[in-house]
Chemist: 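This is the structure I want to talk about, given as structure tokens.
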2 protein chains.
Amino acid sequence: MVTMKDVAERAGVSVATVSRVINQNGYVSSDVQTRVTAVMRELNYQPSLLARSLRRQETFAIGLLIPQLDHPFFSTLAFAIEKTLFAQNYRTLICSAEENATKEDAYVEMLLRQRVDGVIFVPTGHSDQSLARLQAMTIPAVLVDRDLFGASRVSKVLSDNVRGGYLGMQYLLELGHRHIGIIGAHEYSGSMTQRLHGVQQALAEYGLSNPPLVLMDTLGQFEMGYSAGMRLLRLEPRPTAIFALTDVIAIGVMHAAAELSMRLPQELSVVGFDDIPLAAYSIPALTTVAQPIAEMGAKAVELLLRHIQQPSQPFETITLATRLVVRHSAMAPSR
Amino acid sequence: MVTMKDVAERAGVSVATVSRVINQNGYVSSDVQTRVTAVMRELNYQPSLLARSLRRQETFAIGLLIPQLDHPFFSTLAFAIEKTLFAQNYRTLICSAEENATKEDAYVEMLLRQRVDGVIFVPTGHSDQSLARLQAMTIPAVLVDRDLFGASRVSKVLSDNVRGGYLGMQYLLELGHRHIGIIGAHEYSGSMTQRLHGVQQALAEYGLSNPPLVLMDTLGQFEMGYSAGMRLLRLEPRPTAIFALTDVIAIGVMHAAAELSMRLPQELSVVGFDDIPLAAYSIPALTTVAQPIAEMGAKAVELLLRHIQQPSQPFETITLATRLVVRHSAMAPSR
DNA sequence: TACACATGAGTAATCGTTTACACATGCTTG
DNA sequence: CAAGCATGTGTAAACGATTACTCATGTGTA
């Protein structure tokens, strides 16, 4: 690998001068400037970011730790974050914990060793040890999407899950549904719990008692939504509507219903949560509670970079609004 | 940030000894061993991978360059690759070029500067300059999913796109369809072209001429499949089947059909390509030509690591079989 | 004329590791 | 008993950049 020394020798100058040319600081005669530039191109020289980062004590790298890369919500979020960071000349180290606390922990350690300048963290919710580890070092972190109980000295970007839960449930109740199944996931991080709070609020307004509920172990993929949906659809009496606390779950539920030869939305209304890109393209198109995914990512980056550039910044918690997007997967019950 | 020097001082030994404890090489008395270990834990010491990589001249990092992170096929592939590499103690630097040659080029340069040990590359197909750049340095690379004309000195993991194209088309013809629309994408990398070759082969067998064809600029997302589908479905006579050269396109097409109040698969048969996880959960479940995504990722990692560990290895091209997965989105035409 | 200051470029220390080499001690072995 | 080897540890030179210092020169100004 060609180094600065090689360039310096070939151009007949010292390494310091080459460095000055690269970083465009200090005084360099235009003669030397062009000569060095030519040599760099000729040798196809690429400065080592390892050496640079070691010396400068900053890497321009941000760790992004998410529960599952292979999940539309998180890959959309990751994409938004990567894009925003790239525009600001930061690289993103995307780490997928696979909803596994051990792997998450391994990744936190790896990111610290990698000396990333900061971390954007969507905890699996299966362990909060990792955040503690992170905070033990004084590296800036921001929590996105999932809150973590007891997390201090971090900024947070959340969305209004309580309101979202309320909106989805209220919509189904307003349509006239009275037998509504709910599907969520266990999670210590609380955003699911908050959605359920919202659901309860709506229920209370209508003076109704608790609905049939299925809680999956993790967010899972379509398959888990499918099997959770099956469980609800085998109930007697069968629910006329299902509120899935994730779009991916909702898609799984719709598939289950279709497999039982139920017509959608005539025989079953389904409402989702998240508004992933796919939601608009399911059949029927999914009515869902939208989170502003791209905005969440952008905000998280903004807060993090502000902290990196100005460590004295106070910590903030931003709660973004959720809203109901009405498409075609829900309608009034037939009877 | 606490360094090896801090640990050494606190434990009353030299940095060399600390290094020996960490790397478990050289002789260290068990007394010192435990003392140093204790201090490391006490100070929460994390070795700097920057310094280590600089010194050792290897980073244990692999660059993964894909066209769009926010696309089910690539996020599934990325997930598989990340998982395989993680198990082998390698980190993955995931880079999403957004089907943009400029960004792709910027990423290649970044990866080189980052001194990654190797690169797994799914080219956008909008420029082949980036690979040349990569090959100019002597860093091992393997091409996955998309071939690149004129790429030498790389290993490749492809799937049998010609056969896949043939299988999908042959299936529709066998069902009795004679007016079949095709949707693909422009791509210099050739895998789309190969699928079209397969389509032609099947057509030739049935003595049929060219079908209506829509080529999109890039792979795109659901939306592009939707609009391409709309174009075909507005044709007179309307096709009785559409072969979408990507599952994402297929989902978009099905949505377009549903919007035109067509019943699936009675009034329109759809066949996709890729077999992304979603394919099994669309309504109706998508009949598609499956690529072994996880296996492609695993093979790519295997070839790359082999090259890294043994630079003299010859370059290989592996072509994995595609196969038709029959679900419920295609049936015989009604008339 | 003398002095301050802008310009241009080199020397060497530094970032945090790893590792070749040196050195000391104790034990084995011929 | 001396040589040789295993064991344990420290010193210092890398790795490839950045940057604080130095030291020239030339130029403007009192």
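Chain letters run A, B, ... following the sequence lines, proteins first and then strands; every chain starts at 1. Since we're looking at a predicted model, the values are computed, not measured.
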Chemist: How many whole angstroms separate atom CG of A/N23 from atom C1' of D/dA20?
Modeler: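 Going from A/N23 (CG) to D/dA20 (C1'), I get 15 Å.
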Chemist: Using a cut-off of strictly less than 4.0 Å between a heavy atom of the residue and any atom of DNA chain D, enumerate the qualifying residues of residues 48-60 of chain B by number.
Modeler: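 Of all residues in residues 48-60 of chain B, the ones placing a heavy atom under 4.0 Å from DNA chain D are B/L54, B/R55, B/Q57.
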Chemist: Compare side-chain N and O positions of B/S29 against OP1 and OP2 of D/dT9 and report whether any pair is under 4.0 Å apart.
Modeler: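 Answer yes for this pair, as a side-chain N or O of B/S29 is under 4.0 Å from OP1 or OP2.
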Chemist: Just the rounded figure in Å: distance from P of C/dG16 to CE of B/M4.
Modeler: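 My rounded result for the distance is 11 Å.
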Chemist: With sugar-phosphate meaning primed atoms plus P, OP1 and OP2, does B/V13 contact a base, only sugar-phosphate, or nothing at under 4.0 Å between heavy atoms?
Modeler: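 Result for B/V13 = sugar-phosphate.
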Chemist: In whole angstroms, how far is the P atom of D/dT9 from the CD atom of B/Q33?
Modeler: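 Checked: the CD to P distance equals 10 Å.
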Chemist: In Å and rounded to the nearest 0.5 Å, what is the OG1 to CD distance from A/T84 to A/E302?
Modeler: 10.0 Å
Chemist: On DNA chain D, compare the nucleotides closest to A/N25 and B/S30; which residue's is nearer the 5' end?
Modeler: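 Comparing both residues, the 5'-ward one is B/S30.
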Chemist: Give the ring-plane orientation class for A/H71 versus A/F73, where under 30° counts as parallel, over 60° as perpendicular and anything between as tilted.
Modeler: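 It falls in the perpendicular class, over 60°.
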Chemist: If the cut-off is 4.0 Å, is B/T17 near the phosphate of D/dT9, judged by side-chain N/O to OP1 or OP2?
Modeler: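 Negative; the distance criterion is not met.
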Chemist: Can a donor-acceptor pair be found between the side chains of B/Q114 and A/R91 at a distance below 3.5 Å?
Modeler: yes
Chemist: Would you kindly give the CD-to-P distance between B/E9 and D/dT11, to the nearest whole Å?
Modeler: 12 Å
Chemist: OP1 or OP2 of D/dG16 versus the side-chain N and O atoms of A/T3: is any pair under 4.0 Å?
Modeler: no
Chemist: A/R20 has an atom CZ; how far is it from atom P of D/dT18, in whole Å?
Modeler: 11 Å
Chemist: For the pair made of CD in B/Q114 and P in D/dA17, what is the distance, rounded to whole Å?
Modeler: 13 Å
Chemist: Partners of B/F79 by ring-ring contact (aromatic ring centres under 6.0 Å, His included), sequence neighbours excluded?
Modeler: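 Counting only residues at least two positions away or on another chain, B/F79 forms no ring-ring contact (aromatic ring centres under 6.0 Å, His included).
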Chemist: Is the phosphate of D/dT18 approached by A/S19 (side-chain N or O, under 4.0 Å from OP1 or OP2)?
Modeler: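 So the side-chain polar atoms of A/S19 do come within 4.0 Å of the phosphate oxygens OP1 or OP2 of D/dT18, strictly under.
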Chemist: Whether B/K156 engages the ring of B/F315 as a cation-pi pair (distance to the six-membered ring centre under 6.0 angstrom, angle to the ring normal within 45°) should be assessed.
Modeler: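 Output no; distance or angle outside limits.
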Chemist: Near A/K83 NZ, under 6.0 Å, is it more than 12 heavy atoms from other residues, nucleotides or ligands?
Modeler: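 No - once you tally the heavy atoms of other residues, nucleotides and ligands closer than 6.0 Å, there are 12 at most.
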Chemist: Can you check the B/M40 CE to C/dG16 C1' distance for me, whole Å?
Modeler: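 These atoms are roughly 15 Å apart.
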Chemist: To the nearest 0.5 angstrom, please state how far the CG atom of B/L49 sits from the CZ atom of B/F60.
Modeler: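 Nearest 0.5 Å value for the CG-CZ distance: 10.5 Å.
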Chemist: With both distances under 3.5 Å as the test, what is the Watson-Crick or G-U wobble partner of D/dA30?
Modeler: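 WC or wobble partner is C/dT1.
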Chemist: Rounded to whole Å, how long is the line connecting atom OH of A/Y27 with atom P of D/dT19?
Modeler: 17 Å
Chemist: With hydrogens left out and only the distance checked, is there a donor-acceptor pair under 3.5 Å joining A/R115's side chain and the base of C/dG16?
Modeler: no
